[in-house]
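Have a look at the structure below before the remarks.
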Amino acid sequence: MPTILGQNQYGKAENRVVKITRDGDTHHIKDLNVSVALSGDMEDVHYSGSNANVLPTDTTKNTVYAFAKEYGIESAEQFGIHLARHFVTSQEPIKVARIRIEEYSWERIATSDNNSKFIGSDEVNHSFARKGQELRTTQITFDGENWEIISGLKDLTVMNSTNSEFWGYVKDKYTTLKEAYDRILCTDVSAAWRYNWTSDADRMPNWEKSYAQAKKHILQAFAETYSLSLQQTLYQMGSRVINSRSEIDEIRFSLPNNHHFLVDLEPFGLKNDNEVYFAADRPYGLIEATVLRDGVEPKIPVDMTNL
């Protein structure tokens with residue numbers, strides 16, 4: 001039977017670029033992992049091997065580093081927008097550019113404030129430690145006219161040591177889980193949110209502020225929700241972001257339930273009054289859902305790995 005070419009794309013994946021901005025003696029770091037995927041008139045290279053329409057992936061890599069110098073890195077989103085616009089507008093065969101970026105955060109190391117300070121230590125503004133919290137993410141897609149920006153985070157581990165219950169669930173002959181009226185709720189937050197900015201004619205969001213605010217609302221909702229289920233907490237987190245940030249229309253979460261089980265200490269003559277737990281890393285419950293602004297069509301893929 002004859003075959004035809006389906007969806008295809010190519011580019012250079014995981015270009016690690018670190019940009020140091022030197023503001024006198026004070027330095028600032030942007031640390032990105034950038035993946036470029038290009039698609040368009042690429043039938044010939046697949047059917048006959050002709051590279052006439054192919055921009056080498058090595059060139060896309062070089063562009064990432066050159067743009068870090070030419071444009072700087074104000075934000076992951078803005079940097080991705082520069083790249084996507086360049087590839088679509090400078091190469092006629094390329095119709096769509098998708099830029100995925102992961103951002104690694106660094107925080108400045110505070111110098112000592114006692115008599116052991118060395119001379120000039122109060123002027124040290126160039127030492128950093130990698131933050132051990134979330135990984136910031138963004139995906140920029142541009143087709144020459146319209147933009148789609150989906151940003152988010154992953155690996156943000158959060159815990160409530162109380163104010164969480166789980167009871168009243170369906171029970172059958174295989175159910176052994178005991179109802180809990182005071183439990184630990186712990187999860188590793190993965191979230192992706194879609195901005196409603198799609199056109200150069202519209203005012204662009206403040207990407208850095210928007211990210212910080214979205215993360216803040218996610219954390220505050222997690223902390224402030226008395227949870228009867230992780231699903232309820234997820235919905236509150238999403239609703240808080242949508243209701244607080246007008247530039248975001250949709251947010252999707254993937255939340256593993258990092259189970260903490262009370263350890264049976266009775267064999268040792270000890271009472272475990274919700275104090276000692278075993279943290280199980282697998283298997284785990286996995287709760288996933290999308291929260292939308294009313295009237296908005298969902299566009300974030302159900303499987304977030306397929307963004």
Side-chain angles (χ1 to χ4, degrees), residues 11-38 55-91 94 96-110 123-131 133-144 146-154 192-216 245 247-248 307:
K12 189 72 82 175
E14 301 203 38
N15 302 282
R16 191 67 181 272
V17 55
V18 177
K19 175 66 167 64
I20 306 296
T21 300
R22 304 176 187 274
D23 183 14
D25 292 331
T26 300
H27 296 177
H28 307 274
I29 294 179
K30 280 292 188 179
D31 185 350
L32 307 183
N33 190 27
V34 182
S35 293
V36 177
L38 309 175
L55 182 71
T57 64
D58 189 69
T59 303
T60 67
K61 176 203 69 177
N62 294 339
T63 305
V64 170
Y65 294 118
F67 273 37
K69 169 61 177 178
E70 290 185 53
Y71 295 100
I73 302 176
E74 176 185 326
S75 67
E77 288 85 355
Q78 188 65 61
F79 188 63
I81 288 170
H82 283 311
L83 288 168
R85 191 192 308 277
H86 166 77
F87 289 124
V88 171
T89 59
S90 67
Q91 302 295 325
I94 296 172
V96 177
R98 187 200 69 196
I99 313 296
R100 285 180 175 171
I101 300 177
E102 298 173 331
E103 179 175 347
Y104 306 91
S105 298
W106 295 79
E107 58 187 354
R108 201 175 304 280
I109 297 175
E123 298 175 357
V124 171
N125 290 304
H126 56 258
S127 299
F128 301 84
R130 258 283 290 275
K131 285 186 179 180
Q133 286 190 310
E134 84 281 3
L135 187 67
R136 180 174 171 177
T137 62
T138 192
Q139 174 176 287
I140 295 93
T141 305
F142 182 53
D143 64 5
N146 299 307
W147 296 93
E148 181 183 74
I149 313 292
I150 300 176
S151 295
L153 55 83
K154 60 183 179 180
W193 54 83
R194 180 172 56 83
Y195 289 98
N196 50 37
W197 180 79
T198 60
S199 171
D200 286 319
D202 299 326
R203 182 178 179 181
M204 192 179 297
N206 181 322
W207 306 113
E208 295 289 273
K209 179 180 179 181
S210 183
Y211 176 83
Q213 289 294 308
K215 177 186 173 183
K216 180 191 77 172
R245 304 306 305 174
E247 72 274 19
I248 297 173
L307 283 175

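The structure presented is a predicted model; accordingly, all values stated were derived computationally and were not measured.
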Exercise. When you look at CD of Glu208, are more than 12 heavy atoms from neighbouring residues, nucleotides or ligands closer to it than 6.0 Å?
Worked result: yes
Exercise. Does the pair Arg194 and Glu148 meet the rule for a salt bridge (Lys or Arg N to Asp or Glu O under 4.0 Å), with working shown?
Worked result: CA-CA 8 Å; Arg194 180 172 56 83; Glu148 181 183 74; 5.1 Å; no
Seminar exercise, completed: Sequence neighbours excluded, the answer for side-chain hydrogen bond (donor to acceptor under 3.5 Å, both in side chains) partners of Glu14 is Asn33
Problem set entry | CD on Glu77 to CD1 on Ile99, rounded to 0.5 Å | 13.0 Å
Problem set entry | Verdict with supporting geometry, Ile81 and Trp207, side-chain contact (heavy atoms from CB on, under 4.5 Å) | CA-CA 11 Å; Ile81 288 170; Trp207 306 113; 3.8 Å; yes
Exercise. From Phe128 CZ over to Arg108 CZ, what is the distance, rounded to the nearest 0.5 angstrom?
Worked result: 4.0 Å
For this session: List in chain and number order the residues that pass ring-ring contact (aromatic ring centres under 6.0 Å, His included) with Phe142, two or more places apart in sequence or in another chain; answer none if no residue qualifies.
Result: Trp147
Exercise. Step by step, would you call Asp200 with Arg85 a salt bridge (Lys or Arg N to Asp or Glu O under 4.0 Å)?
Worked result: CA-CA 11 Å; Asp200 286 319; Arg85 191 192 308 277; 2.8 Å; yes
Could you tabulate the donor-acceptor pairs under 3.5 Å formed by side-chain atoms of residues 58-68, not counting sequence neighbours?
{"unit_1": "Asp58", "atom_1": "OD1", "unit_2": "Lys61", "atom_2": "NZ", "d": "2.9"}
{"unit_1": "Asp58", "atom_1": "OD2", "unit_2": "Asn62", "atom_2": "ND2", "d": "3.4"}
{"unit_1": "Thr60", "atom_1": "OG1", "unit_2": "Thr57", "atom_2": "O", "d": "2.6"}
{"unit_1": "Asn62", "atom_1": "ND2", "unit_2": "Asp58", "atom_2": "O", "d": "3.4"}
{"unit_1": "Thr63", "atom_1": "OG1", "unit_2": "Thr59", "atom_2": "O", "d": "2.7"}
{"unit_1": "Tyr65", "atom_1": "OH", "unit_2": "Arg16", "atom_2": "O", "d": "2.9"}

Problem set entry | Chi angles and distances behind the side-chain contact (heavy atoms from CB on, under 4.5 Å) call for Thr141, Val96 | CA-CA 7 Å; Thr141 305; Val96 177; 3.8 Å; yes
Problem set entry | Partners meeting side-chain hydrogen bond (donor to acceptor under 3.5 Å, both in side chains) with Lys216 (sequence neighbours left out) | Gln213
Seminar exercise, completed: In short, Ser105 meets Arg130 closest at the heavy-atom pair O-CD, 3.5 Å
For this session: Go through the structure and list residues passing side-chain contact (heavy atoms from CB on, under 4.5 Å) with Arg22, not counting sequence neighbours.
Result: Ile20, His27
Seminar exercise, completed: Nearest heavy-atom approach of Phe87 to Ala97 is CB-CB, 4.2 Å
Exercise. With sequence neighbours left out, what residues match Ser90 under side-chain contact (heavy atoms from CB on, under 4.5 Å)?
Worked result: His86
Problem set entry | Partner set under salt bridge (charged side-chain N to carboxylate O under 4.0 Å, His left out) for Asp143, not counting sequence neighbours | none
Exercise. Rounded to the nearest 0.5 Å, what separation is found between the CD1 atom of Ile94 and the CG atom of Leu38?
Worked result: 4.5 Å
For this session: Decide yes or no on side-chain contact (heavy atoms from CB on, under 4.5 Å) for Ile29 and Tyr104, but give the supporting numbers first.
Result: CA-CA 10 Å; Ile29 294 179; Tyr104 306 91; over 6 Å; no
For this session: Measure the NE2-CD1 distance between His82 and Ile73 for me, rounded to the nearest 0.5 Å.
Result: 10.5 Å
Problem set entry | Residues which pass salt bridge (charged side-chain N to carboxylate O under 4.0 Å, His left out) with Lys154, listed by chain and number, not counting sequence neighbours | Glu102
Problem set entry | Derivation and outcome, side-chain contact (heavy atoms from CB on, under 4.5 Å), residues Thr138 and Phe79 | CA-CA 10 Å; Thr138 192; Phe79 188 63; over 6 Å; no
Seminar exercise, completed: Minimal heavy-atom distance between Ile140 and Ala84, with the atoms involved, is CG2-CB, 4.1 Å
For this session: Nearest 0.5 Å please: distance from the CG atom of Asn196 over to the CD1 atom of Ile149.
Result: 11.5 Å
Exercise. Can you list the residues that meet the salt bridge (charged side-chain N to carboxylate O under 4.0 Å, His left out) rule with Glu103, with sequence neighbours excluded?
Worked result: Lys30, Arg136
Seminar exercise, completed: Hits for side-chain hydrogen bond (donor to acceptor under 3.5 Å, both in side chains) against Tyr195, two or more places apart or cross-chain, chain-then-number order -> Trp193, Ser210
Exercise. Got Asp23 and His28 here, is their nearest side-chain heavy-atom distance under 4.5 Å?
Worked result: yes
Exercise. Can you name the side-chain hydrogen bond (donor to acceptor under 3.5 Å, both in side chains) partners of Gln139, sequence neighbours left out?
Worked result: Arg100
Exercise. When rounded to the nearest 0.5 angstrom, what distance separates CD in Glu74 from CG in Asn206?
Worked result: 7.5 Å
Problem set entry | Short side-chain to backbone donor-acceptor contact, Asn15 and Val34, under 3.5 Å | yes
